[in-house]
Amino acid sequence: MDWLELLTDRSARRWLRRMEARLDSGWSALSTRPDVQQQFRAHLAAVADAVRCEDELVPRPEPVTPLVLLASHGFEVIREADRRGWKPPEREGDWTPDEWYGLRFLACYWLASELRRGPPMPSLIALAAPEERATLLGRGLPPPTEGEGRRRQA
């Protein structure tokens, strides 16, 4: 990983953490609400597919890391949410399966946190046993294999 990738990953990680702080109540809802968890799993799959497609189909003069792609997707979600006047639910009980913007961004953050240089998992989730995280909230991106896509996370 060269210095430019290190800097862009650092910037992506910092931005993700700032935005994630706005959605603390979402992590609580994910830890207790099966209806929200089910919709979250759908968002995980959708984000993983969107980022994979962007990686494969969008030509770039310089390759970007998966962390930057996830942060970029999250940025677009938050930008559109802000444009429409969306505000994150303040309490765990305010989250519903229809909370599209919040769940989509949490899916971006979750997938980014599974990367080696990704942001840390929020303490509420990090305290859960690994098997609980996997069964309650779904799974993230599998580690890249040789020849998969145009780049690998170092």
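From a predicted model like this one, the values you see are computed outputs, not experimental measurements. Just so it is clear, the values below take in all heavy atoms, side chains as well, and ignore hydrogens, waters and symmetry mates.
- In terms of heavy-atom proximity, Leu16 sits nearest to Ala112 at CD1-CB, 3.7 Å.
- Distance check, rounded to the nearest 0.5 Å: CZ of Arg13 to CG of Leu115 gives 10.5 Å.
- When side chains are defined from C-beta on, Arg117 counts as touching Leu6, because their heavy atoms get closer than 4.5 Å.
- What you find for Ser31 and Ser28 is that their closest heavy atoms are OG-O, 2.7 Å.
- In this structure, CG in Leu23 is found 8.5 Å from CD in Glu99, a value given to the nearest 0.5 Å.
- The line from CD1 of Ile78 to CZ of Arg18 is 12.0 Å long, rounded to the nearest 0.5 Å.
- Under the 4.5 Å side-chain criterion, counting only non-hydrogen atoms from C-beta, Asp35 is not in contact with Gln39.
- Looking only at side-chain heavy atoms (C-beta outward), Trp95 and Phe40 stay at 4.5 Å or farther from each other.
- At least one donor-acceptor pair under 3.5 Å links the side chain of Tyr109 to the backbone N or O of Pro120.
- With respect to Leu67, the side chain to side chain contact (heavy atoms under 4.5 Å, CB included) criterion is satisfied by exactly one of Leu69, Val64, Thr65: Thr65.
- Nearest heavy-atom pair, Pro89 versus Asp94, reported as atom, atom and distance to 0.1 Å: CB-CB, 3.6 Å.
- Taking CD of Glu54 as the start and CD of Glu76 as the end, the distance is 8.5 Å to the nearest 0.5 Å.
- Rounded to the nearest 0.5 Å, atoms CZ (Phe105) and NE2 (His43) are 13.5 Å apart.
- In this structure, Gln37 and Thr32 approach most closely via the heavy-atom pair NE2-N, 4.0 Å.
- Contact annotation: the side chain of Leu103 approaches that of Leu30 to within less than 4.5 Å [non-hydrogen atoms, C-beta and beyond].
- For Trp110 and Glu20, the side-chain atoms include no donor-acceptor pair closer than 3.5 Å.
- Between the Arg17 side chain and the Pro119 main chain, no donor and acceptor come within less than 3.5 Å of each other.
- Within the model, atoms CZ of Arg52 and CG of Leu57 stand 8.0 Å from one another, a figure rounded to the nearest 0.5 Å.
- Across every non-hydrogen atom of Arg33 and Gly93, the tightest pair is NH1-O, 4.1 Å.
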